[in-house]
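In what follows, residues are counted from 1 in the order of the sequence shown.
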Amino acid sequence: MSKCVACGKSGDNNLKACTACKLVKYCNVTCQKAHRPRHKKECKKRAAEIFDDALFKTPPPKEDCPICFLRMPLIFEEIRYRACCGKIICVGCAYANEIENPSTEFLCCPFCRAPDPTSDVEALEMIKERIEVGDTIAMNKLGCGYQHGIVNVPQDFKKALELWHRAAKLGFPESHYNIGVAYYNGEGVEKDVKKSKYHWEQGAMGGDVTARYNLGAIEWKAGNMNRAMKHFMISAGIGDDDSLKKIQNGFMCGHVTKDEFEKALRAHNKSKNETQSDQRDTARRWLDDHPRD
């Protein structure tokens, strides 16, 4: 039977575990406060271990392209968001019809077949409609619009942050990354490296590769090479080229073993190969000849 670590009172059903470390239980807040001075050091150590277990756990893969069912590319320029249905699709599927039928006047969503917007105003309204139904990708996208200032969307860091925070609270990792950048650079908020790191940690645990890379860079700069390499191993395994280069540098400097470097290289190549297709290669070449805004 469990006992309160402070007073020794028994009671499995009534005891509450320490919310930070989960190691000890208390019968009430008074006992918890009384035991805090003796428990603080052990609690802090165990809480950090629990957090690291979550931080360095490889996140689940992102959804495949809903049309070709291949793994999505990591590069932002090689995916497209469709505000009509809220789907993200790869460039290969996004432009397949336009490439095969360059003279067609009717362009539509490759997934839901809804007509493409005919103006920037209509496109913006479609994104706002998606936001109204809780679409986190649309929130993040419009937030980026306010960050940079685009057609019909004036630059407004306050609105950008509001949208990113809204999406982040709903679990969208890319918004955590954007908030982290804002705090790191002091854009729209007072510069705060601690808050920046917090949001990058949340983004990394959600699967944002750039947030993960930035955490590795922070640890590298601080001299925490073991933690830095852990971050880079995860992001390289998802297919990030820059992270693989960091691991290579780590190997040359003795921070990574030969086996670890080879493991990262195999995982990286596997991830990259899973995102390749002839249709995507054709779309990349076509986009090079037909640049979009």
Any Lys/Arg nitrogen of K62 or E174 sitting under 4.0 Å from an Asp/Glu carboxylate oxygen of the other?
yes
Taking every non-hydrogen atom, the tightest pair across P66 and M72:
CD-CE, 4.2 Å
Considering all heavy atoms of both residues, which atom of H255 and which atom of M229 are nearest to each other, and what is their separation?
O-CG, 4.2 Å
Find out whether N14 and C27 are in side-chain contact, i.e. whether some heavy atom of one side chain is under 4.5 Å from a heavy atom of the other.
no
Hey, does Y184 have a side-chain heavy atom less than 4.5 Å from the side chain of N214?
no
Rounded distance [0.5 Å steps], SG in C108 versus CZ in R82:
8.0 Å
Derivation of the side-chain contact (heavy atoms from CB on, under 4.5 Å) call for L70 and E274:
CA-CA 7 Å; L70 293 177; E274 289 175 352; over 6 Å; no
In terms of side-chain geometry, is the basic nitrogen of K128 or E132 positioned less than 4.0 Å from the acidic oxygen of its partner?
no
In a check of side chain to side chain donor-acceptor pair (under 3.5 Å) between H176 and each of E201, Q202, H199, which one passes?
H199
Check: R280 and E78 side chains under 4.5 Å, non-hydrogen atoms
no
For the rings on F157 and Y146, is their centre-to-centre separation under 6.0 Å?
no
Distance alone, cut at 3.5 Å: any donor-acceptor contact between the side chains of Y26 and H35?
yes
Salt bridge E49-R46, side-chain N to carboxylate O under 4.0 Å:
yes
With heavy-atom distances below 4.5 Å as the criterion, would you say the side chains of E262 and K258 are in contact?
yes
Between H231 and the options Y213, W220, F56, the ring-ring contact (aromatic ring centres under 6.0 Å, His included) test singles out F56
Does the side chain of C18 reach to within under 4.5 Å of the side chain of H39, using non-hydrogen atoms?
yes
To the nearest 0.5 Å, what is the distance between CZ on R284 and CG on D289?
14.5 Å
Within the 4.5 Å heavy-atom criterion, are Y95 and R80 side-chain neighbours or not?
yes
Do D240 and K245 sit within salt-bridge range, that is, some charged N less than 4.0 Å from a carboxylate O?
no
Closest non-hydrogen atom pair between V189 and L161, with its separation
CG1-CD1, 3.4 Å
Can you find a heavy atom in the side chain of I89 that is under 4.5 Å from one in the side chain of P110?
yes
If you count heavy atoms of other groups shown closer than 6.0 angstrom to CG of D278, is the number above 12?
no
Nearest atoms (heavy-atom pairs only) where D208 meets A211
OD2-N, 2.8 Å
From the options R212, R227, K230, select the one residue that forms a salt bridge (charged side-chain N to carboxylate O under 4.0 Å, His left out) with E219.
R227
With a 3.5 Å cut-off and no angle check, do the side chains of H268 and D241 form a donor-acceptor pair?
yes
Between L15 and C4, which heavy-atom pair has the shortest distance, and what is it?
CD1-N, 3.8 Å
Answer yes if the side chains of Y81 and N140 hold a donor-acceptor pair under 3.5 Å, and no otherwise.
no
Which heavy atom of I50 sits nearest to which heavy atom of C21, and what is that distance?
CD1-O, 3.5 Å
Within the structure provided, determine whether F251 and L265 are in side-chain contact (heavy-atom separation under 4.5 Å).
no
